[in-house]
2 protein chains.
Amino acid sequence: MQAKPLTATLKKYHQLRRDVIKYLYFHKSLTITELSKLIHKSVPIVTSAVMDLIAEGYVLESALSKSTGGRRAVMYLINPAKKRFLVSVAMDQLVTRVVIYDLLNNVRQGSASLSFTLTENPEDIEILIKFLKGYLQQSNIPVEEILGIGIGMPGFINTKQGINYTFFKLKNNGSLRNHLSKELGLPVFIDNDSSLTALAELRFGAGQNLKEVLVVNVGWGSGLGMIINGSLFRGHSGFAGEFSHIPLSQTNKLCSCGKRGCLEVDTSLLVLVERAEKEIANGVSSRLEALFKDKSKLPGDHFLVAARDGDPLAVSILSEAAFLIGKGIATLIHIMNPELIVVAGRGAIAGKILMAPIQQAMNEFCISRIADQTTIVVSDLADTAELLGAAILIVENCQFN
Amino acid sequence: MQAKPLTATLKKYHQLRRDVIKYLYFHKSLTITELSKLIHKSVPIVTSAVMDLIAEGYVLESALSKSTGGRRAVMYLINPAKKRFLVSVAMDQLVTRVVIYDLLNNVRQGSASLSFTLTENPEDIEILIKFLKGYLQQSNIPVEEILGIGIGMPGFINTKQGINYTFFKLKNNGSLRNHLSKELGLPVFIDNDSSLTALAELRFGAGQNLKEVLVVNVGWGSGLGMIINGSLFRGHSGFAGEFSHIPLSQTNKLCSCGKRGCLEVDTSLLVLVERAEKEIANGVSSRLEALFKDKSKLPGDHFLVAARDGDPLAVSILSEAAFLIGKGIATLIHIMNPELIVVAGRGAIAGKILMAPIQQAMNEFCISRIADQTTIVVSDLADTAELLGAAILIVENCQFN
DNA sequence: ACAATCTTAGTAAAAAATTTATTAATGAAG
DNA sequence: CTTCATTAATAAATTTTTTACTAAGATTGT
């Protein structure tokens, strides 16, 4: 008897099942009525899907909900006894981290990290594979309990095909995702780091239940993850949110992208550190001088901590950059009219120091009727955002078995 | 027997009926299968709706479609004998035009126009009502044959409530749409001029069948209509696309909005005309000197025609402005990664003269991998775009009776 | 030329999903 | 403490979709 092609009905059923698990993952516990509204499916059919998932051990019935004025509803949640795990990988230009979560967002296997400067060198792929293989092996989790590996990385990424056009290029222009999946023997999903940060803010951070959210990822560059109409917006070919390279700088410095005047040339953390080092060499005194000698942390992180703690040199350099980012944010607000802007990424460490000049730039460059419609906050997910986003990526795309 | 509240089933049926008419209006003629795909409803149910519409005289069966390799399908189109009309009104800061179309986009009543500089004066509303009442009266079309009045106008517009926060403000902060509807005895729909221009490009212009399209409306200011995921994007509170006031200008001139450095201060047609007049006063010779004396046309239109025809002064002033608009477009491309950008509005008259410096700015300010994903064209709908958009607004919102 | 085969359209019957009606459970008001 | 209002859950009715089947025309190969 040969394998039947999936019928339309069966496909629908699998989608429904996935949606139930997905929303229980996002919201911890929900009633049938709530699930029905979130999934846009009728109560009877959601009920039957939930019953099936209970039979499979994926879902558990829990206490009754608080009363809302009528009969109290039964609440459902993901069964903590069902062993299913998410391997989350978060990369940036300099560091790669990995952690394993369960479906309740508890850390199952503590994070490991690798100093790993991304290049266009094809050997990078082998380094990444070796790192992940080692990590997975020592975790001792059976493969059938791992739902997939989600990886956030910088670069122009085609999520459909699983190709990163900037880093990790395969010789034959093949799919990085498929290659990793084959090598690691698990489903792999890749996406842009800023997009995953935005996803995390949407599901577990400041953007919960909102529809139009922009997440500015301040770090080595300034990424932008966009939530439009409640879901990730990637643009026509997946390159939307290239905030770092909009022409905004007054200086004429050449950017790494080959153009002049990009926002990045004046706001990249690397540039700010460089500027601080130059000032120190010129004899300006600063806590940074001592901090930079501690090589256990990246200079960029030292710089942000110093700024947060009020070191005058760091604050002054950061403020200037933040004002320019604020000008960029003013541009975003005029074009997109978002409900919320979240300042996330490494830069969020500096918190208020960063926000003051951004707010000032918004006051100066925004029509107040428009700016009034947008709230702006600093992320409180901090450096877990990208890891959570990678986990969400898996939950939104994997097959639950 | 009292009026029953609309059941869910009945609502669905009305929506389906509207969708059939809407897509036939957009595509002129379609098969059941095509309709089914566009509406995302099954073939049997679409068939029954089409049959009902034929019985009502709204829809006509026409010849068989061209063969696509199998049995040829019956094509359906809107019945030209069914008398239903759309009153389209297109306003800008200086001129208001009106025309009446039928559902095949034929002009039923020739366009009338009114020189009418928008102010914040409440009397503006009375002027508009009087103008429209007169026009409707002389058209001699019975009210029951008019499906509605669609109006495109500048300003910050709340389409849900039908309020324009910038112009035509009612004393009691009431709904302009409802007020006009009551006064004119017809359903009225209002929207932003640039949004309607974008809608026209999406349905009848360069953006047909595309998903991510930006329409830059070059005129007295530079509006932006955004198509995202195949439908109009208005942002969280309806103010998205405020392209005119993004901080891009190097000059520090004060803008009408109260801020400095807005794109508009260097690119508004009004500013360009002013600049030309100053140059002429300084003794520069130009065809414009003569043209400006002809008061039958607006100076801005004279200016654009002169530029199109190669007058050196007009070309030089326009080119400088267009380069800045191009810089703004480069910003849009980096953020939105659109499939297509359409340059529309009055400015489109200048065509190639406008495009050359825009293209140049794109080359200078765009990362080519991103810019390569975007096509940029000049609209060929010209000044009918906003009128067509207003008609679409009616078709997308009215009740067909 | 003309079957045989392939493709697409349209229709009927079967299956699935939604809607509506009904019953259940709870809190608040009198 | 009973009645009423409110929400949840379930059963029955209705609608919609899916699948299977028939129709109509195009293409290919002999």
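Because only heavy atoms are used, hydrogens play no part in the values below, and waters and symmetry mates are left out as well, while side chains stay in. All chains are named by letter (A, B, ...) in the order of the sequence lines, taking the proteins before the strands, and each is independently numbered beginning at 1.
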Exercise. Does B:Glu212 use its side chain to pair, donor to acceptor, with the backbone of B:Asn229 at less than 3.5 Å?
Worked result: yes
Exercise. Looking at DNA chain C, which of residues 32-43 of chain A put a heavy atom within less than 4.0 Å of it?
Worked result: A:Lys41, A:Ser42
Atom pairs under 3.5 Å: protein N/O with N/O of nucleotides 22-29 of chain C:
residue	atom	partner	partner atom	Å
C:dA24	N3	A:Arg71	NH1	3.3
C:dA25	N3	A:Arg71	N	3.4

Seminar exercise, completed: Within residues 44-55 of chain A, those residues having any heavy atom closer than 4.0 Å to DNA chain D are none
Seminar exercise, completed: Between B:Thr9 and B:Val74, the residue closer to the 5' end of DNA chain C by nearest nucleotide is B:Val74
Problem set entry | Main-chain N/O of A:Thr159 paired to A:Arg177 side chain as donor or acceptor, under 3.5 Å | yes
For this session: Determine, step by step, whether A:Tyr25 and A:Phe204 satisfy the ring pair (Phe, Tyr, Trp, His ring centres under 6.0 Å) criterion, reporting the C-alpha distance in whole Å, the side-chain angles of both residues, the deciding distance to 0.1 Å, and the verdict.
Result: CA-CA 10 Å; A:Tyr25 170 70; A:Phe204 297 121; 5.5 Å; yes
Exercise. With no hydrogens and no angle check, is any side-chain donor or acceptor of A:Thr47 less than 3.5 Å from a backbone partner on A:Val43?
Worked result: yes
Exercise. Donor-acceptor pair, A:Ser237 side chain versus A:Phe239 backbone, under 3.5 Å?
Worked result: no
For this session: Name the first nucleotide and the last nucleotide along DNA chain D (5' to 3') that come under 4.0 Å of a heavy atom in chain A.
Result: D:dT6 to D:dT19
Problem set entry | Whether B:Ser36 side chain and B:Lys41 backbone form a donor-acceptor pair below 3.5 Å | yes
Exercise. Using the C1' atoms of the five pairs at each end, what is the angle between the end axes of the helix from C:dA1-D:dT30 to C:dG30-D:dC1, to 10°?
Worked result: 10°
For this session: Say whether B:Arg84 and B:Asn401, considering side chains only, have a donor N or O and an acceptor N or O under 3.5 Å apart.
Result: yes
Exercise. Between B:Arg17 (side chain) and B:Phe400 (backbone), is there a donor-acceptor pair under 3.5 Å?
Worked result: yes
Exercise. Does B:Gly57 offer a backbone N or O that forms a donor-acceptor pair with the side chain of B:Asn79 under 3.5 Å?
Worked result: yes
For this session: Ignoring hydrogens and angles, tell me if any N or O in the side chain of A:Asp102 forms a donor-acceptor pair with the backbone of A:Arg108 under 3.5 Å.
Result: no
For this session: Would you please name every residue forming a side chain to side chain contact (heavy atoms under 4.5 Å, CB included) with A:Ser231, sequence neighbours left out?
Result: none
For this session: For atom NZ of A:Lys82, decide whether the heavy atoms of other residues, nucleotides or ligands shown that lie under 6.0 angstrom number more than 12.
Result: yes
Exercise. Can you find a pair of side-chain heavy atoms, one from A:Thr374 and one from A:Met336, that are under 4.5 Å apart?
Worked result: no
Problem set entry | Nearest-angstrom distance from the residue atom NZ of B:Lys11 to C1' of C:dT18 | 15 Å
Exercise. Distance-only, no hydrogens or angles: does the B:Glu145 side chain make a donor-acceptor pair with backbone N or O of B:Pro142 under 3.5 Å?
Worked result: no
Exercise. Sub-3.5 Å donor-acceptor pair from the side chain of A:Gln208 to the main-chain atoms of A:Gly205, do we have one?
Worked result: yes
